Every structure is written in structure tokens, then in C-alpha cells.
Amino acid sequence: MKNFTSAKDVTDLAGLVQLARDIKADPFKFRDAGKEKTMVLLFFNPSLRTRLSTEKAALNLGMQVISMNADQGWTLEFEEGAIMNAGSAEHVKEAAAVVSQYADIIGIRTFPGLKDREKDYSEQVIEAFKKYASAPIISLESATRHPLQSLADVLTIEEFKKKDRPKVVVSWAPHVRALPQAVPNSFVEWMKIANVDLVVTNPEGYELADEFMDGVQLEYDQQKAFAGADFIYAKNWSSYREYGQILSQDETWRITQDKMVNWANNAYFMHCLPVRRNVVVEDAVLDGPNSIVIKQANNRTWAAQAVVKRVLEGL
Ligand SMILES: CCC[C@H](NC(C)=O)C(=O)O
Ligand SMILES: NC(=O)OP(=O)(O)O
């Protein structure tokens, strides 16, 4: 595996999930796979889970790890031919090449600006690093996708499913801020290559981009969507159509215990975290026996370790 920025970089999902399960069972199984190799993690946006789990994964493989908060006033220029007489101090051409001198693998977190849809959906930052870095790139959540989260989500569903082809519902839920579409985009993209029956439910106006929703069942009625669900995956996202906008904060879309029991037949509850309690989902669900969000977060390490192992094999 050269880069890991979307489901398109995965040729054998079942094999990758099995590798993650094998690593989970024996975390130091490949303790020397990354010996004398360095992972550099660039965070243009904050992180708890992705930073800690990816660092842990790399360390478990014997790598050295350097994490950098790249959002502390170090602004990069991405435009070709730019006359750099404004705020940007460095062009991505140099930055990517220089980081590649220190790193065998580069992880990058770069959220969308949620202002310019074409720019965000062109994945300007992560594509520039893929172009100008000589080291492989692993996405730590980019403008439109979060593949490490999605692989952990696939692993979690595989561990908890009670039938071969479970029904998985990803449901929009209200939030107080405008959030990226990256997590739901990525989840949908990975569920399409997993063995699940997927339904997306959201209010009108919050439809995800066609490139993700093509062939996917969309249900505007949350109760209908929840019927017979085995997994409810809640997440907020801002509008793609009216890009970056909060069209509604309709509290009737909050995930409640009543819905989980009476609509979804006691489905498992999933969320990538961080989650706004009693905004996105009520306490009773998160504190209840069917919430698997902490186990889901634990799987971030094993998912990342499987990916890094695969990328190391390609060095
Ligand atoms: C894992 C979630 C990361 C990010 N969260 C925020 C607050 O932007 C998001 O919603 O995509
Ligand atoms: N789920 C997730 O990626 O969390 P962080 O933003 O804390 O890394």
C-alpha cells in the first residue's frame, strides 16, 4: 500500500480487517516491522483519538514518532505559481519535500474550510502532499474523508454483528457548529465495500455528495430508517448542497433511548467521537449497555496499526 487516503487505496478489505484483528489479539506481533523508521504526523487541526491511536500504532510497530501541531501560524501556500507576498510563509512544494527528509511515512490531518466546496472536495492539501512528498501519505482525516476512522468502524461492526449482513443506519443528528461531511462520506464509502445493508437518514438539505450516495438508500424519515437496524451510527454534518451551512438544528433528530429501543430494536449505538452529549445523543444512550463507542475508539489503534503495517511493507 503506497498511500492511505480513501477506501480506493484498499484492495483487500477482508484481509486488512483480519490483519487488524490479528494485531488486536497480539499488539506487538510485528514489533520490528517499523524498526529504524520514522512516522511524522502533521495536525493542521486538533485531535485526541487519531493522534493517540496512530502514535500508539506506530510505536507498537517499532517506529519512531514525531507529531507536530501544524496549525500554529505556519500557513502553507498551495497555489501553483503563487507570488508569495501575503500571509503564507512556505509553499507546500518545499514543505512536503522537507518533511519527507525526516519521515518514512507522513500522516496528515487537514479539515475542510467549509467555505469553498470545489477547493475542499478537490482535496487540495492532501493531494499536494501526495504530489510533492516522497514519503507515503496516511490521512488522519482530510477535507472529505476519514479512512482510519472508517476502517475502525468496519472492524467494530465485524466484531459486534449478530448476523452475516447487518442493517447499518447512519443518521444525521443536530449540533451547535458546522461540521465537515468527511466522517459520513467516509463511512458510507466503506460500508459500500463491507457486507452490510446501509441506510442513510438525514433531513432534506443535508444530502451527502452524489459521489458517495450513488446506489445508497436515503430515507428522510428517521423512524422508517431505524426500523430493524442492528447498528445506529450517529454523526452531525453541515450541508453539502448549501455548503458548510447549518440549515436546521432540529432537536427531533437527536438520538434518544426511546428511539433506540422502540424504533431500532435495541441496536448498537456508534459514534466516532467527540460527541456533544444531549445535543447529538442523550446520556441514556451513551451510558446504556448498547453503546459501543469506547470499544469503537479502542479499535482506532488496531485499524491504524494494520494500515501502517501495510504501508511499511511498501517502503
Ligand atoms: C472525528 C470528528 C472530527 C471532526 N470534528 C470536528 C469537531 O470538526 C468532524 O466532525 O469531522
Ligand atoms: N474520531 C476521531 O478522529 O477523533 P479525534 O478528532 O479526537 O482524532
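Please read these numbers as outputs of a predicted model, since none were measured by experiment. Every number for a ligand or one of its atoms is a count from 1 in the order of the listing.
Below 3.5 Å of separation, one finds an N or O of Lys235 facing an N or O of ligand 1. Between Arg109 and ligand 1, a contact under 3.5 Å exists for no N or O pair.
Hydrophobic cluster membership is shared by Ile66 and Phe129, with clusters built from Ile, Leu, Val, Met, Phe, Trp and Tyr side chains linked at under 4.5 angstrom. Linking ILVMFWY residues whenever their side-chain heavy atoms come closer than 4.5 Å, directly or via other members, places Trp302 and Ile138 in the same cluster. Cluster annotation: Tyr220 is connected to Val200 through the hydrophobic network of ILVMFWY side chains, with a link wherever side-chain heavy atoms come within less than 4.5 Å. Clustering ILVMFWY residues whenever any of their side-chain heavy atoms sit less than 4.5 angstrom apart, transitively, puts Ile246 in a cluster other than the one holding Val279. Residue Val17 is grouped with residue Phe30 when hydrophobic side chains (ILVMFWY) are merged at heavy-atom distances under 4.5 angstrom, including chains of intermediate members.
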Between Phe231 and Thr156, does the side chain to side chain contact (heavy atoms under 4.5 Å, CB included) criterion hold? Intermediate values first, please. CA-CA 10 Å; Phe231 295 87; Thr156 306; 5.8 Å; no
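Within 4.0 Å of ligand 2, protein heavy atoms come from Ser47, Leu48, Arg49, Thr50, Arg109, His146, Gln149, Cys272, Leu273, Arg300.
Stacking of Arg51 on the aromatic ring of Phe43 is recorded, both the 6.0 Å distance cut-off and the 45° axial limit being met.
Contact analysis leaves Asn45 out of contact with ligand 1, as no non-hydrogen atom separation drops below 4.0 angstrom. Put simply, part of Arg177 is less than 4.0 Å from ligand 1, judged by heavy atoms. Within the structure, the closest approach of Ala182 to ligand 1 does not fall below 4.0 Å when heavy atoms are considered.
Side-chain polar atoms of Glu79 and Gln124 form a donor-acceptor pair below 3.5 angstrom. Side-chain contact of Asn185 with Glu189: a donor-acceptor pair under 3.5 Å is absent, judged by distance alone. A donor-acceptor contact under 3.5 angstrom links the side chains of Gln181 and Ser238, judged on distance only.
Less than 4.0 angstrom separates some heavy atom of Phe111 from each of these atoms of ligand 1: 3 (C), 4 (C), 8 (O). Those atoms of ligand 1 with a heavy atom of Leu179 less than 4.0 angstrom away are 6 (C), 7 (C), 8 (O), 10 (O). The Leu273 neighbourhood of ligand 1 comprises atoms 1 (C), with distances under 4.0 Å to a heavy atom of that residue.
For atom 3 (C) of ligand 1, the closest non-hydrogen atom on the protein side is Glu141 OE1, 3.1 Å.
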